[in-house]
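All values below come from the heavy atoms of this structure, side chains included, with hydrogens, waters and symmetry mates left out. Just so we're on the same page: letters track the sequence lines, and every chain starts at 1. As the structure is a computational prediction, the values presented were derived from the model and not from experiment.
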Amino acid sequence: MPELPEVETVKRGLSRLLPGLVVASVSSDNPKSFPNSPADVDAFLIGASVAAVERRAKVLLIEFSSKYSLVIHLKMTGQLVFRGRQAQFGAGHPNDSLVGELPDKSTRVIMVFRDGSRLFFNDQRKFGWMRLLPTAEVPQIDFFKKVGPEPLDSHFTSQVLWERLQRRKNTSIKAAILDQSVLAGVGNIYADESLWGARIHPRTRVRDVPEAAVRLLHTALVEVLTLSIEKGGSTSKTYVDAEGHKGSYLSFARVFRREGQPCPRCGTVIVKTKVAGRGTHVCPQCQLEHPGGITQ
DNA sequence: CACTTGACCTGTCCGC
DNA sequence: TGCGGACAGGTCAAGT
């Protein structure tokens, strides 16, 4: 899915576009995408205005004046695309838009506001979901109770990363940083990119990663996530921001989807393999497999 | 507990 | 051109 930088980009877009808008109607074609009852929607969403848009980990929160919030997870292929009152799509639309006329066949939920603008929740694979909860109950959902620290928060130091990694000592470093209870927001793209930055082979067991390498990994994570937010995130296929535009990080990526190309650091050909059940991109020369690396 | 695998879906790409 | 299988940005529930 959208990982932290993509969800943050959507959050920033929606924060500019939504606050103050009043909900007129909500429709959904798929109960798994939006399981709340029509009665709840009528009672807590219709007539409410958007108060704020937030992000925690890879989860978006749209908070309403009714003290209810929409909790939204885009998973692999979810999109939240806003269209203003006048159709913004048409002559002169930006040529980087991946989204045409809406709704389309991936549209699962449509929220219409009183001014005629609309928010579309599109999700090709239907893994994503949004649900309405009292805002006060949001921190109590299972995911938020166990999710780890925000990597771009100033409290997230190298020492904190080291301590959080200790809960997954016996697995690969890649599996560990993908674990949302270790730290929030890292997915397959930024796992590969940050491990390349720290010169750590993704298959290395956590217990074999030296403390100095964890410090490099901390730095790399912060750099990679920050750069990607600057570039509007990564679009490999379906990701778009709140206005339907692609992100450009992948043109800056060093290893992700670059198998067969030279490593920007040493020139060795980047290879694609599988670690932790995920496609994994690595420079076999400069990403060291520390002693005791997991072989599978 | 910690760890791995399969399941959830649709679409696309690649080899035959 | 069609068909089968692998694979795709993420998490869960099961299994060991």
Side-chain angles (χ1 to χ4, degrees), chain A residues 1-10 29-35 55-60 71-80 98-99 104-109 121-131 141-148 164-195 202-207 224-225 228-229 231-241 246-251 253 255-260 272-281 292 294-296:
Chain A
M1 107 173 185
E3 308 180 31
L4 186 153
E6 291 74 35
V7 181
E8 176 65 20
T9 301
V10 173
D29 78 333
N30 179 20
K32 287 189 174 167
S33 299
F34 185 44
R55 177 193 63 77
R56 172 77 171 101
K58 302 174 190 173
V59 175
L60 276 163
V71 183
I72 305 168
H73 203 308
L74 302 174
K75 290 288 179 84
M76 301 281 262
T77 55
Q79 306 173 328
L80 278 176
L98 276 184
V99 180
D104 63 23
K105 66 179 173 183
S106 76
T107 300
R108 309 299 170 204
V109 186
F121 176 37
N122 299 331
D123 186 17
Q124 178 183 101
R125 291 175 73 180
K126 301 182 182 174
F127 290 175
W129 46 262
M130 52 190 271
R131 49 193 241 247
I141 69 176
D142 289 347
F143 181 84
F144 284 141
K145 282 195 290 191
K146 71 180 185 201
V147 73
R164 307 283 307 178
L165 285 171
Q166 298 315 300
R167 64 180 62 205
R168 301 297 306 274
K169 288 199 296 274
N170 214 24
T171 191
S172 64
I173 186 68
K174 177 160 178 175
I177 62 174
L178 287 171
D179 182 341
Q180 300 297 294
S181 75
V182 172
L183 76 162
V186 175
N188 206 36
I189 298 174
Y190 305 107
D192 284 4
E193 291 289 291
S194 58
L195 289 166
R203 201 126 47 197
T204 310
R205 275 181 204 269
V206 171
R207 68 149 85 95
V224 161
L225 295 172
S228 184
I229 291 170
K231 302 302 176 188
S234 296
T235 296
S236 78
K237 207 163 163 41
T238 59
Y239 166 74
V240 291
D241 70 13
K246 299 191 230 181
S248 67
Y249 175 83
L250 284 189
S251 55
V255 286
F256 191 81
R257 299 260 164 101
R258 293 198 181 278
E259 60 271 31
K272 184 172 182 185
T273 177
K274 189 168 275 206
V275 178
R278 315 291 304 274
T280 297
H281 309 77
I294 292 174
T295 51
Q296 55 172 6

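- We find that CG of A:Leu225 is positioned 16 Å from P of C:dG9, with the value rounded to whole Å.
- Rounded to whole Å, the separation between the P atoms of C:dA6 and B:dT5 comes to 16 Å.
- Here B:dT4 is the nucleotide among C:dG10, B:dT4, C:dC7 with the atom lying nearest to any side-chain atom of A:Arg168.
- In this structure C:dA8 sits in a base pair with B:dT10, meeting the Watson-Crick or G-U test at under 3.5 Å.
- Side chain of A:His73, nearest nucleotide from B:dC9, C:dG9, C:dG10: C:dG10.
- Under the stacking definition used here (centres under 5.5 Å, planes under 30°), the residue A:Phe127 qualifies as stacked on the base of B:dC8.
- Taking atom P on both nucleotides, C:dG5 is separated from B:dA7 by 15 Å, rounded to a whole Å.
- Whole-Å rounding puts the A:Lys231 NZ to C:dG9 P distance at 23 Å.
- Regarding contacts with the backbone of C:dC12, a side-chain N or O of A:Lys146 is found under 4.0 angstrom from either OP1 or OP2.
- Annotation: B:dC13 and C:dG9 have their P atoms spaced 15 Å apart (nearest Å).
- Here the side chain of A:Gln180 is nearest to one of C:dG9, B:dG11, C:dT11, namely C:dT11.
- Put simply, CG on A:Asp29 is 11 Å from P on B:dT10, counting in whole angstrom units.
- With rounding to whole Å, A:Gln124 atom CD is found 14 Å from B:dC8 atom C1'.
- Remark: the backbone N or O of A:Arg205 is not paired with any side-chain donor or acceptor of A:Lys169 at under 3.5 angstrom.
- Within the structure, a side-chain polar atom (N or O) of A:Lys32 is placed less than 4.0 Å from OP1 or OP2 of B:dC9.
- OP1 or OP2 of C:dA8 sits under 4.0 Å from a side-chain N or O of A:Lys272.
- We find the OG-CG distance between A:Ser234 and A:Asn188 to be 11.0 Å, quoted to the nearest 0.5 Å.
- Remark on DNA chain B: of its neighbouring residues A:Lys237 and A:Ala175, the 5'-side contact belongs to A:Ala175, judged by nearest-heavy-atom nucleotide.
- Residue A:Asn170 places none of its side-chain N or O atoms closer than 4.0 Å to OP1 or OP2 of B:dA2.
- In this structure, A:Phe143 and A:His73 have perpendicular ring planes: the angle between them is above 60°, well past the 30° mark.
- Each of A:Arg108 and A:Lys169 was assigned the nucleotide of DNA chain B with the nearest heavy atom; the assignment lying further toward the 5' end belongs to A:Lys169.
- At a threshold of 4.0 angstrom between heavy atoms, the contacts of A:Arg257 are confined to the sugar-phosphate backbone, with no base atom among them.
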